[in-house]
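Whatever order the structure lists ligands and atoms in, that order sets their numbers, starting from 1. In this chain, residues are counted from 1 in sequence order.
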Amino acid sequence: MSRPDLVVRGGEVVNADSIVRADICVSQGRVTALTEPGHAPSGNDEVDATGMLVLPGGVDPHCHVGFTSGEFTTLDDYPAATRAAVHGGTTTIVDFGIPTRGERVVDAVHRQRAQATQGFCDSALHACVVDWDESTGAQLDQLVGEGVVTVKLFTTYRDETMANEETILRTMKHLSPLGGMVYVHCEANTIVEDTQDQVARSGDISAGHHHETRPELAESAAVAAVLALAEHAGAPVYFVHQSTPEAVALVEHARSEGRQAYGEAVVHHLTLDESEYSAEHPERFVCCPPLRSARTVQGLRSKLLTGGVSTIGSDHCCYDTEQKLLTKHDVRSMPNGLPGVETRLPVAFSEFVSSGLMPVTQFVDLTATTPARLNGLYPRKGLIAPGSDADLAIWDPEATATVGTSTLHMATDYTPYEGREIRGLPVTVLVRGEAVVRDRDFVATGAHGQFVPATPLWDVVRAG
Ligand SMILES: [Zn+2]
């Protein structure tokens, strides 16, 4: 064997279905071999992973970068978002090309894609369809050819990104034969708006009442409706940020009938509850769907642990407190979303793996392997095996930290997890064989991020 560029020696190599102690040889950005410990040849560089877990770098299936919604734009760009991502062990983000008013679907994607090379890790993209018109089908054909095979649709946010049922159905029917899949934000807008009206009439629709304005029923109703459209279209479907056990159960049921239906949970819905809306900074926790009751959070966690959820995403939206405060008196005009690309893996690892609730293999499956698979990035991403990109998160399962804004790298002034004690942290992070974080220090010599074209999801579309 020729001398590898890099050898990661002596760690426990974790994939979604296995844990083996092995040395990992890396050349030209890819894993070239896994050998028994001590059997790898000397590399030009070496990383000692003794006592560490070596995980596939995280794949965040849901990450907004420099996202404009209404009056507000999130505060990061590719350098900032990906620098934060790699500090948290994530090496691929999937961002969104969401059209501003009048912008074409392809142009929104190209606008985001142009920034990929400014990143410190790799990225892929979801497109977004708001209104189906006679040009949309050809635009989707073009995008699938360019490696964008997933399309986001929203059932809420009237006059912004809301798509009607006809648009959702047409997008499903067009994408599915191309090996593409829709990603749907499900909250029934009619129920949301009527509930908002009721809360507003009661005299206070400020951030402290956010959770009252978007009921769980709105989510279940929209999931049921979109599942029906997907069944009619014979199309696969992915539900972003599922926040209730009832919504997850609808998707599980469809899957049990052999349909291709997948659900994502995000870390804040799994680890925070609506009590934040009566605490000191309710505005910082305004996101859609909102944080739910403690009972609902327990139910969602049970669904996660019993395999009802397919992926864990961040739904990273990097607003700061000042932006959140501007329209705090009326949640209908507030910027929605929480920062989370950096905390996704450490908070979830601590909460579920360190606590003994979840095997680390399942953690890898939820945070890297299945996100890669459902985004057409597998086996290049989400797997440690010969031929895969050498995206590695070398993880100290015993390291402890207190989460705090001062030690994080996201372009905002707060974290929803301030003060939380966590166990298990990435120590060294490689992107295509290059160390970007080493012994917790940022050591990237420049931005080497790439846009990773997704391949059609034939295994997803045809499975079952
Ligand atoms: Zn989102």
Side-chain angles (χ1 to χ4, degrees), residues 58-70 72-76 78 81 84-85 90 92-100 105 108-109 111-112 123-130 148 150-158 160-163 168 171 181-187 189 192 210 214 218-219 222-223 226 237-244 247 262-270 272 284-292 300 309-319 323-324 331 334-344 348 367 371 374-375 410-412 416:
V59 177
D60 190 340
H62 190 161
C63 179
H64 298 275
V65 182
F67 167 45
T68 297
S69 174
F72 298 97
T73 300
T74 61
L75 296 171
D76 52 7
Y78 269 64
T90 287
T92 306
I93 59 167
V94 190
D95 181 22
F96 297 79
I98 295 183
T100 53
V105 175
V109 168
R111 161 167 59 75
Q112 293 302 97
S123 56
L125 282 164
H126 307 290
C128 173
V129 173
V130 176
V148 177
T150 48
V151 174
K152 178 85 174 277
L153 296 153
F154 295 82
T155 68
T156 186
Y157 306 135
R158 184 196 295 274
E160 289 180 36
T161 48
M162 186 168 85
I168 295 173
T171 304
M181 179 161 68
V182 294
Y183 271 52
V184 191
H185 174 137
C186 278
E187 289 179 288
N189 197 60
V192 168
H210 179 58
R214 308 186 81 94
E219 186 172 342
V223 169
V226 169
V237 57
Y238 179 104
F239 295 92
V240 295
H241 50 50
Q242 294 211 285
S243 74
T244 75
Y262 305 94
E264 165 193 278
V266 296
V267 175
H268 50 263
H269 289 138
L270 290 163
L272 298 167
R284 290 180 173 178
F285 297 86
V286 168
C287 55
C288 300
L291 301 181
R292 303 297 194 184
L300 185 67
V309 171
S310 304
T311 67
I312 297 177
S314 71
D315 198 2
H316 171 76
C317 284
C318 212
Y319 298 110
Q323 289 175 302
K324 292 278 198 181
V331 295
M334 277 190 70
N336 303 305
L338 309 183
V341 70
E342 185 173 5
T343 44
R344 178 181 71 118
T367 58
L374 296 181
N375 283 287
M410 293 178 284
T412 176

Enquirer: Suppose we call two aromatic rings close when their centres sit under 6.0 Å apart. Are Y262 and Y238 close by that rule?
Expert: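 No, too far apart.
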
Enquirer: Would you say the side chain of V331 lies within less than 4.5 Å of the side chain of R214, judging by non-hydrogen atoms?
Expert: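 Answer no - side chains too far apart.
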
Enquirer: Test H64 against every option in D76, D95, D315 by the side chain to side chain donor-acceptor pair (under 3.5 Å) rule and name the one that passes.
Expert: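 Among D76, D95, D315, the one that satisfies the side chain to side chain donor-acceptor pair (under 3.5 Å) with H64 is D315.
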
Enquirer: Hey, is the main chain of S243 close enough, under 3.5 Å, to the side chain of E219 for a donor-acceptor pair?
Expert: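 Such a contact is found between E219 side chain and S243 backbone.
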
Enquirer: Quick one: are the ring centres of Y157 and H185 less than 6.0 Å apart?
Expert: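 Centroid distance Y157-H185: below 6.0 Å, so yes.
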
Enquirer: Using 2.8 Å as the cut-off, note every protein N, O or S atom close to the Zn ion (ligand 1).
Expert: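 Listed by chain and number, the nearby protein N, O or S atoms are H62 NE2, H64 NE2, D315 OD1.
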
Enquirer: Does a donor on one side chain sit under 3.5 Å from an acceptor on the other, for D60 and T90?
Expert: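 Result is no, nothing qualifies.
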
